[in-house]
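The structure under discussion appears below in the form of structure tokens.
Please read these numbers as outputs of a predicted model, since none were measured by experiment.
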Amino acid sequence: ALIVGVTETSPEIVERVEATGATVEDELFYDSLAVSIAEDDLEALCTLKEVETVEIEGKWEQLNAGNFRSHPDSIP
């Protein structure tokens with residue numbers, strides 16, 4: 001899912017976001033929406049004037065010693 005920051009969470013803006021092909025899963029704090037959308041429709045979502053930010057929702061994980069992109073001194 002994506003976290004989409006909008007100018008305000010109103011029914012009209014939710015409708016505009018959904019008109020891009022997105023599904024609004026939840027209205028979040030600070031004028032943000034949890035959104036699912038196909039990659040092909042992402043550009044239409046990002047070009048809406050009401051959309052201020054688009055972030056990937058996820059959880060942070062600590063890299064392990066087997067990850068070649070990790071600097072060995074950065075792993076406790």
Tabulate below the donor-acceptor pairs under 3.5 Å that side-chain atoms of residues 2-13 make, not counting sequence neighbours, or state none.
{"residue": "S10", "atom": "OG", "partner": "E12", "partner atom": "OE1", "Å": "3.3"}
{"residue": "S10", "atom": "OG", "partner": "I13", "partner atom": "N", "Å": "3.3"}

- prompt: Got a sec, which pairs hit salt bridge (Lys or Arg N to Asp or Glu O under 4.0 Å) with one end in residues 38-49, sequence neighbours left out?
  reply: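 Passing the test, one end in residues 38-49: no pairs.
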query: Who passes side-chain contact (heavy atoms from CB on, under 4.5 Å) against T53, sequence neighbours left out?
result: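 By the side-chain contact (heavy atoms from CB on, under 4.5 Å) rule, T53 matches E55.
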field: For D26, all residues meeting side-chain contact (heavy atoms from CB on, under 4.5 Å), sequence neighbours excluded
entry: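 Only L28, A34 meet the side-chain contact (heavy atoms from CB on, under 4.5 Å) criterion with D26.
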field: Linked, directly or transitively: V17 and I56 (ILVMFWY side chains, under 4.5 Å)
entry: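 Hydrophobic grouping puts V17 with I56.
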message: Rounded to the nearest 0.5 Å, what separates atom CZ in R16 from atom CG in L45?
response: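 Nearest 0.5 Å value for the CZ-CG distance: 13.5 Å.
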message: To the closest 0.5 Å, what do you measure between CD (E50) and CG (D31)?
response: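 With rounding to 0.5 Å, CD (E50) is 12.0 Å from CG (D31).
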- request: Check A22 against I37 and note the closest heavy-atom contact, atom names and distance.
  value: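 Reported closest heavy-atom pair: CB-CD1, 3.8 Å.
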